[in-house]
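Heads up: the structure comes next, in structure tokens.
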Amino acid sequence: MNKKLVIIGAGSGGLCAAISAYKHGTHDILLIEQDQETGGILNQCIHNGFGLHTFQEELTGPAFAQRLKDEIAQLPIDIWLDTCVTNITKEKMVICQNKNGIHHIQAQAIIITAGCYERSQGAIALTGHRPKGIYTAGQAQKYLNQDGYLVGKNVFILGSGDIGLIMARRMSLEGAKVYGVAEIMPYSNGLKRNIVQCLDDFDIPLYLSHTISNIFGKDKLEAIEISPVDENRQIIPNQAKRFNVDTLLLSVGLIPENSLIYQLGLPLDTKTKGPIVDEFLQLLPGIFAAGNGLHVHDLVDHVASEARQAGINASLYLENKLSNKPMIQIIPGENVSYCVPQFFHQDSSGFKLSLRVKLPMPKAKLQFFDDNKLLKEQVMMNLFPAEMVTYQISADVLASISTKLTIKAVMINE
Amino acid sequence: MNKQFICICCPKGCIIDVTYDHDKIENIQGNSCKRGASYVQDELFSPTRMLTSTVKINNAMHKMLSVQTDKPIPKDMIFPIMKQLRHICVEAPININDIIIANILDTGVNIIATRSMEKITK
Ligand SMILES: Cc1cc2nc3c(=O)[nH]c(=O)nc-3n(C[C@H](O)[C@H](O)[C@H](O)COP(=O)(O)OP(=O)(O)OC[C@H]3O[C@@H](n4cnc5c(N)ncnc54)[C@H](O)[C@@H]3O)c2cc1C
Ligand code: SF4
């Protein structure tokens, strides 16, 4: 079977990419989703706070997804549900599997919008036994919000990312007692509104600079201990606090679903753990990535706009309109943990850059260097590691770069 | 009296310091815009929240249907409303924005569906 464009994963990213590619003239599209419905992670995020930028109103995750589902239903786009993509090749062959068997689809372009997965207990160095009662926050969210199953009654949460905060409130509402949230960093990784509405509202304490130092219980979780950490994140001994809980939720980070990219034999960005792309979001000519499958986003609005851009770029690629001039590397400098894209073409007419800073900065200068030569600076307010920053780089800045583009964030103290 | 708030009306999250007396704000500092002032006014004297939760649903893809209040509710109504929702069970099909419970506990607020779910015959 042949298809002009195959899109892998039908979360908000895949849906937006498909709709946008269709609107930009690519009509022969196949959207593949392993789940029984489209919408991705949004279906389980029943809280509100989605879509302020996209729809100028505050929607719940399912309602945001519903808008996209209703929009795509108006277009003649093929969607295969319950179908898992198992392999893709550099020649753009997509191999997928569903109850009708294994299918080989030769695509002319591919967009990967496969989302992300949660780091789990294996990925972090939790000491002690591995009793029942330890879940990732997202697993607990799916059980509760789709199946109506509350994983425990007495809960502690490790990690102050948004999913953990949201679950602290959600489980409290359902009658569980949440004893606290421990965060190893001296600041929270969640949005401020979630600290206020999810923790303060329910008198749930946030233990900053704390981590789990012990886990008790052989078959079933019986208790945990948390301890403060020093500035090197080492546990300070003899200050442990014990909580008798039956459930520990882990909200310790998300990682792009990069198994397909791995199979392509391409290197991953060591910081984002996602693919390395150019300004068109291409990892190889004609293979694009967007959304949490490229780098982890905190706002669905950013996923949506990035994926729409990928849809446009894929259509341009199919019309042979993307540059193939030599590329220049983008390097994250001082206080910048990563930049996406990692490369751009010499003749680029400008693009949207996404980055994260390494530490909270109420006021900072974003600086753009050609090697050591400062080309431009931009004052920005309220930069936080938990909140992705986007910045439109213009063609004139790019045109003056001859070696590498280095981006730094310098704190302004007032 | 003094109190500190983090405004949650936008991602900026201004830290706002207020001095207030019974039912009146006397001094307010730190908000970058008017929304911050009205947020603090409401938080001090009549805090409200949007509530999102789930109710049981029969003959649908999932066992639970996501719902929300169609307006913010007084904060102290959160748990009474949650208790009501626990007893509700609806039948698919449901359309987004369908009213699941009208005027819940006489608050003047409706509980509405936040997604559509088709009827499935198993
Ligand atoms: C728990 C949580 C809470 C959040 N809260 C907010 C919030 O309050 N406000 C906000 O704006 N944003 C929030 N976000 C962020 C934002 O909503 C998500 O990042 C965004 O919806 C992700 O979209 P996506 O399409 O990249 O990924 P996903 O929605 O994860 O979609 C990826 C899809 O790809 C499918 N897939 C993966 N691999 C394959 C394969 N091999 N074959 C076939 N299909 C595959 C998956 O099944 C999935 O459906 C939250 C995110 C999470 C995880
Ligand atoms: S005061 Fe205004 S700018 Fe500051 S957080 Fe509130 S809404 Fe945003």
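Note on naming: letters A, B, ... go to the chains in the order of the sequence lines (proteins, then strands), and numbering restarts at 1 for each one. All heavy atoms count here, side chains included; hydrogens, waters and symmetry mates do not.
Other residues, nucleotides and ligands place more than 12 heavy atoms under 6.0 Å from the CD atom of A:Glu57. In this structure, B:Gln4 places its CD atom where more than 12 heavy-atom neighbours from other residues, nucleotides or ligands lie under 6.0 Å away. Taking a 6.0 Å sphere around NZ of B:Lys71, one finds it holds more than 12 heavy atoms contributed by other residues, nucleotides or ligands. In A:Tyr143, the OH atom is not crowded: 12 or fewer heavy atoms of neighbouring residues, nucleotides or ligands sit closer than 6.0 Å.
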TODO: Could you walk me through whether A:Gln36 and B:His62 pass side chain to side chain contact (heavy atoms under 4.5 Å, CB included), step by step?
DONE: CA-CA 10 Å; A:Gln36 56 179 333; B:His62 302 300; 3.8 Å; yes

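Remark: B:Cys14 SG to A:Asn382 CG distance equals 7.0 Å, nearest 0.5 Å. Here the straight-line distance linking atom CD1 of A:Ile46 with atom CG of B:Leu65 works out to 10.0 Å at 0.5 Å rounding. To the nearest 0.5 Å, atom CG of residue B:Leu85 and atom CD of residue A:Glu174 are 8.5 Å apart. With values rounded to the nearest 0.5 angstrom, B:Thr52 atom OG1 is found 8.0 Å from A:Ile166 atom CD1. Atom CZ of B:Arg115 is separated from atom CG of A:Leu59 by 14.5 Å, given to the nearest 0.5 angstrom.
Taking 4.5 Å as the limit, some side-chain heavy atom of A:Asp201 sits within range of a side-chain heavy atom of B:Arg49. Within the 4.5 Å cutoff, the side chain of B:Met50 has no heavy atoms near those of the A:Glu58 side chain. By the 4.5 Å heavy-atom criterion applied to side chains, B:Met61 and A:Gln146 are not counted as neighbours.
With a 4.5 angstrom heavy-atom cutoff, A:Gln44 does not touch chain B via any of its atoms. B:Ile96 touches chain A through its side chain: at least one heavy atom from C-beta onward sits under 4.5 Å away, while N, CA, C and O do not. When heavy atoms are compared at a cutoff of 4.5 Å, A:Leu144 approaches chain B solely by way of its backbone atoms N, CA, C and O. Using a 4.5 Å cut-off between heavy atoms, B:Lys75 touches chain A through its side chain atoms alone. Heavy atoms of B:Ile78 lying under 4.5 Å from chain A belong exclusively to its side chain. Contacts of B:Leu51 with chain A are made by side-chain atoms alone, with heavy-atom separations under 4.5 Å and no backbone atom involved.
Side chains of A:His47 and B:Gln68: no donor on one and acceptor on the other come within 3.5 Å. Side-chain N/O atoms of B:Thr54 and A:Arg170 include a donor and acceptor closer than 3.5 Å.
A donor-acceptor contact shorter than 3.5 Å links the side chain of A:Gln66 to the backbone of B:Ser116.
In terms of heavy-atom pairs under 4.5 Å with chain B, the best-connected choice from A:Ile195, A:Asp147, A:Leu173 is A:Leu173. Ranked by heavy-atom pairs shorter than 4.5 Å toward chain B, the options A:Arg67, A:Met381, A:Gln197 are led by A:Gln197.
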